[in-house]
Amino acid sequence: MTRSAPIDGFTSRWGLIVASLGMAIGTGNIWRFPRIVAQNGGGSFLVPWLIFLFSWSIPLIILEFSLGKAARRGTIGSFGRLNGRNWLWMGVFVGACALLIFCYYAVVTGWCFRYTLVAVGDLFGITSAMDSLSGQDGAVRAEEAFVGFTHGLGPLLFHGIAVAAACLVVGRGVARGVERASKILVPTLFGILLLAAVRSLTLPGASAGLQYLFEVDLSLLMSHEIWIQALTQSAWSTGAGWGLVLTYASYMRRREDVVLNSVLTGLGNNSASLLVGFVVFPAVFALAPATMDPVKDILQNSGPASTGISFIWIPVLFADMPLGSVFNVLFFLALSVAALSSLIAMVQLGVRVLQDAGVGRRAATLGVAALGIVVGVPSALSTDFFSNQDWVWSVGLLFCGLFLAIAAIRFGVERFRTHLVNSEGNDLSLGKWFSSFTLIVIPLQGILLVCWWTVGSILDDLEAGVPWWNPFRTYGLATCIAQFALLVGLCLVFRRPLIRWFLGDERSLREELADSESTGGPLTEGERE
Amino acid sequence: MSGGAILTMIVFVSILWGGFGLALVFAIRAERDKPSSET
């Protein structure tokens with residue numbers, strides 16, 4: 001069976017770059033980044049976080065862009081096309097991870113939509129949610145309000161709205177939907193964050209927040225914990241290894257750059273995180289009640305399902321601030337826009353995979369919407385289930401990054417660099433060092449992270465006196481192993497249909513290149529296609 | 001803010017925002033210099 005190239009695709013380089021930035025910049029930048037920075041020593045955390053941007057995230061984004069551009073299909077088809085039918089399962093794992101994240105990420109996006117709506121209502125005097133948050137017990141009332149909301153049917157409604165919004169965009173196609181929406185959403189997001197940063201930095205006492213954000217204590221860098229947290233934040237925030245970049249790359253123009261676009265995606269994502277730092281830290285330090293420690297009591301407080309800063313403290317702090325309702329709207333609007341642009345990329349990933357199997361775009365979009373709504377229902381109704389899914393599939397992403405590196409190693413790192421990375425249309429070419437990097441540095445970081453996570457999970461459970469082997473707990477090693485095993489088991493059971501749907505009799509790029517090399521002369525891009 | 005914190009802020013802003021800006025300029029120039037058939 002021959003797979004046809006997609007009919008539509010990105011019409012310009014800027015379309016591809018803003019879509020990639022929209023994919024990368026999500027709630028991880030606005031919601032997770034400030035909390036993780038505060039929990040890991042403020043400015044000290046920024047040092048390993050920056051190092052891992054260059055040693056993990058950008059190299060993985062380069063691998064994804066290269067693979068998507070060469071294979072011209074979604075996660076499953078790309079892994080199969082690269083190395084052959086026995087490697088399809090890795091693509092299934094990567095795609096399934098991103099799609100299962102999509103199911104609960106849509107719930108979070110729904111929360112953001114709901115809080116934006118309430119913030120707008122407060123601004124125009126239609127609702128009065130912020131009024132009740134003033135005073136000493138504001139945080140308690142904010143947490144009660146959040147718990148009350150998440151235990152009702154509201155999250156279900158907003159979850160459906162979030163899925164529908166993302167699917168409406170993707171259903172219009174890459175050029176008319178994803179590219180156009182990204183060109184509006186991403187500049188809007190940066191504009192909102194800039195406005196919010198200016199307001200935050202002009203608050204009296206804002207410099208204390210900046211002092212905390214940029215004060216480096218070198219002794220903290222001796223702790224392995226800070227390095228591991230920096231690597232996980234870098235991996236999750238940039239979207240490296242998720243398969244989302246790979247999906248967008250499958251729609252890029254034939255003679256499109258790989259390396260510079262990857263660098264732009266990585267640097268743009270972390271630039272947005274730093275901008276969020278300029279919004280959150282000065283505001284929290286300037287507005288925290290005198291009786292409280294802004295770091296321990298507010299920034300490090302994770303709250304239910306780690307929602308502490310965003311959904312509890314931000315509305316409380318803004319409630320007592322001049323023009324607080326405007327700032328509140330800006331913050332939740334930024335969160336909603338960031339979440340939606342990432343959600344669009346996840347839906348596009350699912351649609352692309354189904355299209356590779358021969359399903360039409362409209363049917364594929366409806367299928368992904370149905371999956372998101374049905375599988376997301378338990379997460380919308382239970383924060384425990386939500387936390388479990390967030391835990392399991394976030395860990396799964398680490399394996400996704402590793403799989404990408406392993407696939408490149410199997411293909412041949414030097415071959416991957418010369419034929420796929422340094423392909424036609426590149427503005428920058430990478431030297432032999434990148435092959436060594438792919439062979440040693442990326443897998444080493446991934447393996448270290450997986451080992452630390454495994455040992456750390458077991459030790460934490462033993463210390464707490466809970467059975468680490470129980471797969472029915474919200475967090476822990478066993479629940480991850482059980483769900484990963486189920487996924488891999490399904491790949492094995494459906495191996496034959498998967499090969500039929502996604503590869504057919506097609507030979508892998510690896511085989512084609514090996515043949516052409518043995519007969520003399522490397523394969524050009526034109527021959528490959 | 002202490003001198004150390006100000007210096008760290010300048011370094012991070014230069015690397016991230018400066019790097020992003022520089023890469024963007026480089027991409028714009030590269031795109032402009034490509035033959036029209038490629039863009």
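Lettering of chains follows the sequences in order, A, B, ..., and the numbering in each one begins at 1.
For the set S2(B), A5(B), G4(B), A30(B), the entry with the most heavy-atom pairs within less than 4.5 Å of chain A is A5(B).
Within the 4.5 angstrom heavy-atom criterion, atoms from both the backbone and the side chain of V13(B) approach chain A. For I15(B), the parts lying under 4.5 angstrom from a heavy atom of chain A are both the backbone and the side chain. Looking at L53(A), the atoms closer than 4.5 Å to chain B (heavy atoms on both sides) all sit in the side chain, from C-beta outward. Contact annotation for I28(B): both backbone and side-chain heavy atoms come within less than 4.5 Å of a heavy atom of chain A.
Identified by a heavy-atom distance below 4.5 Å to chain B, the contributing residues of residues 14-22 of chain A are W14(A), L21(A), in residue-number order.
Residues L50(A) and L16(B) have side chains in contact (heavy-atom distance under 4.5 Å, counting atoms from C-beta outward). With a 4.5 Å cut-off on side-chain heavy atoms, F26(B) and V263(A) do not count as touching.
Applying the side chain to side chain donor-acceptor pair (under 3.5 Å) rule to E215(A) yields the partners Q211(A); only residues at least two apart in sequence or on another chain are considered. Judged as a ring pair (Phe, Tyr, Trp, His ring centres under 6.0 Å), and not counting sequence neighbours, F12(B) has no contacts. Partners of L430(A) according to the side-chain contact (heavy atoms from CB on, under 4.5 Å) rule, which considers only residues two or more places apart in sequence or in another chain, are I62(A), V259(A), V421(A), N422(A), W433(A), F434(A).
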L274(A)/F20(B) under side chain to side chain contact (heavy atoms under 4.5 Å, CB included): CA gap, chis, key distance, verdict: CA-CA 12 Å; L274(A) 199 65; F20(B) 180 68; over 6 Å; no
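Of all the heavy atoms in L264(A) and A27(B), the pair that sits closest is CD1-CB, 4.0 Å.
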